[in-house]
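Index from 1, following the sequence. Every value quoted in this text rests on a predicted model; they were computed, and no experiment measured them. Only this structure's heavy atoms are used, side chains among them; waters, hydrogens and symmetry mates stay out.
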Amino acid sequence: MTVLQNDPLLWRDKLPAPDPQGHKYGRGVAIIFGAPKMTGATRLAARACARIGAGLVRVIAPQGAGEIYRATLHEEIVVEDAADFKGFGDPRIRVVLIGSGFRPEDVDSTMFSAAGTISMVLDAGAFTAWPGGGDPSRVVVTPHEGEFAARFGKAEPKISKAEEAALRIGATVVLKGPQTVIAGAFETIVQDRAAPELATAGTGDVLAGMIAGLLAQGMETTWACAAAIWIHAEAAERFGRGMVASDLPDMIPAVLRDL
């Protein structure tokens with residue numbers, strides 16, 4: 001498989017461009033399932049998804065958590081109770097993000113019912129719970145090295161292990177770390193740019209939301225992952241020391257303008 005170094009020249013002309021005649025549904029609807037306890041992780045993902053350009057972000061709150069999400073999320077993000085969620089029949093829904101803040105036992109298998117019809121981003125507990133058998137052009141998993149090792153064994157050599165995992169579970173694998181590997185359906189993209197500012201809680205949730213936001217706008221899976229990873233690192237480096245994960249979403253617009 002071809003291995004490419006991540007660089008904006010690969011995907012800059014594929015970034016979604018706002019349509020002067022467009023509307024929010026033209027930029028796609030993203031569904032994000034809310035964590036029952038670690039609500040901060042879901043909120044970070046939702047903010048990043050909105051900041052990178054998704055037209056509408058809907059957070060599906062589990063029982064007992066709806067008021068937490070309504071009180072703490074920005075006004076432009078819609079919060080719905082899980083009991084009221086009607087499923088994925090709305091054709092305006094383009095992506096679902098599952099897993100930010102989840103333990104494996106928090107994942108309900110019905111959350112995977114969108115498989116094969118819309119794009120899915122599976123983070124943290126959803127990566128662990130995902131049974132496999134998906135389409136790499138529709139499914140993205142975002143494990144860090146510890147999560148990857150628990151399922152597939154130690155990620156050495158990293159590139160070939162990520163490629164093997166992608167084939168086994170039918171997903172584009174974003175294996176995070178100082179070197180991040182994207183093993184997709186046709187290309188493997190490597191980012192060797194280590195951003196030490198990202199070694200803090202919650203930055204992975206931001207990345208998952210960024211990938212979902214680009215997929216919501218119709219960007220092809222491999223390039224959406226590559227763009228999100230590069231923008232994520234660039235935003236962290238621009239902020240510099242003292243950065244926490246909640247600083248990242250507000251750095252995204254300036255990076256996009258410069259691109």
Side-chain angles (χ1 to χ4, degrees), residues 1-16 48 52 95 97 99 119-124 126-128 130 132-199 203-215 217-238 248 252 255-256 258-259:
M1 192 176 291
T2 304
V3 178
L4 305 171
Q5 280 289 331
N6 196 14
D7 186 278
L9 293 176
L10 293 174
W11 42 260
R12 185 166 53 193
D13 62 348
K14 301 176 177 64
L15 280 172
I52 208 162
V95 65
L97 168 56
S119 295
M120 298 199 309
V121 180
L122 308 179
D123 189 31
F127 161 72
T128 303
W130 169 244
D135 177 351
S137 70
R138 292 287 188 113
V139 181
V140 178
V141 297
T142 59
H144 58 60
E145 292 177 357
E147 292 164 337
F148 185 93
R151 182 160 185 176
F152 297 112
K154 196 169 183 180
E156 291 182 4
K158 193 168 185 177
I159 293 174
S160 62
K161 284 288 190 178
E163 291 175 340
E164 290 170 13
L167 291 172
R168 283 176 60 183
I169 65 172
T172 292
V173 173
V174 176
L175 179 50
K176 299 178 291 191
Q179 180 195 62
T180 296
V181 177
I182 305 163
F186 303 106
E187 298 91 4
T188 298
I189 300 175
V190 175
Q191 179 157 299
D192 291 313
R193 174 188 189 183
E197 297 85 4
L198 293 174
T203 58
D205 303 303
V206 172
L207 177 63
M210 292 170 68
I211 294 171
L214 291 173
L215 292 173
Q217 296 170 82
M219 197 171 184
E220 190 273 327
T221 300
T222 301
W223 305 124
C225 294
I229 288 163
W230 191 92
I231 295 167
H232 190 241
E234 177 72 12
E237 288 187 359
R238 289 190 185 196
L248 281 170
I252 292 171
V255 179
L256 289 174
D258 289 347
L259 285 166

Considering non-hydrogen atoms only, spot the tightest contact between [X] and [Y] and give its length.
X      : Y      : answer
Val174 : Cys225 : CG2-SG, 3.8 Å
Gly99  : Ala126 : CA-CB, 3.7 Å
Ala162 : Leu175 : CB-CD2, 4.2 Å
Gly184 : Thr222 : CA-OG1, 4.2 Å
Val181 : Lys158 : CG2-CG, 3.9 Å
Leu97  : Ala212 : CB-CB, 4.3 Å

To the nearest 0.5 angstrom, please state how far the [atom1] atom of [X] sits from the [atom2] atom of [Y].
X      : Y      : atom1 : atom2 : result
Ile211 : Ile182 : CD1   : CD1   : 7.5 Å
Leu259 : Leu15  : CG    : CG    : 6.0 Å
Leu214 : Met219 : CG    : CE    : 6.0 Å
Arg138 : Thr221 : CZ    : OG1   : 8.5 Å
Asn6   : Ile189 : CG    : CD1   : 6.0 Å
Gln5   : Leu10  : CD    : CG    : 9.5 Å

- [ ] Count the heavy atoms belonging to other residues, nucleotides or ligands that lie under 6.0 Å from CZ of Arg151, then report whether that count exceeds 12.
- [x] yes
TODO: Test salt bridge (Lys or Arg N to Asp or Glu O under 4.0 Å) on Glu147 and Lys176 and set out the steps.
DONE: CA-CA 10 Å; Glu147 292 164 337; Lys176 299 178 291 191; 5.1 Å; no
- [ ] Identify which one of Met210, Glu197, His232 satisfies the side-chain contact (heavy atoms from CB on, under 4.5 Å) criterion when paired with Leu248.
- [x]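 Per the side-chain contact (heavy atoms from CB on, under 4.5 Å) rule, the option paired with Leu248 is His232, out of Met210, Glu197, His232.
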Open item on the list: Show, in sequence, the C-alpha distance, side-chain angles and deciding distance for Val173 and Arg168, and conclude whether the side chain to side chain contact (heavy atoms under 4.5 Å, CB included) test is met.
Closed with: CA-CA 11 Å; Val173 173; Arg168 283 176 60 183; over 6 Å; no
Open item on the list: Could you check whether any side-chain N or O of Thr172 sits under 3.5 Å from a backbone N or O of Val140, counting only pairs where one atom can act as donor and the other as acceptor?
Closed with: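 Side chain of Thr172 to backbone of Val140: no pair is present.
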Open item on the list: When you measure from the side chain of Gln217 to the backbone of Ile52, do you find a donor-acceptor pair of N or O atoms at a distance under 3.5 Å?
Closed with: yes
Task: Heavy-atom side-chain contact between Phe127 and Thr142 under 4.5 Å - done: no
Task: Within-4.5 Å side-chain heavy-atom neighbours: Trp230 and Gln191 - done: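 Result yes, sub-4.5 Å side-chain heavy-atom pair found.
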- [ ] Assess whether side chain to side chain contact (heavy atoms under 4.5 Å, CB included) is satisfied between Trp130 and Val139, documenting all intermediate values.
- [x] CA-CA 10 Å; Trp130 169 244; Val139 181; 4.3 Å; yes
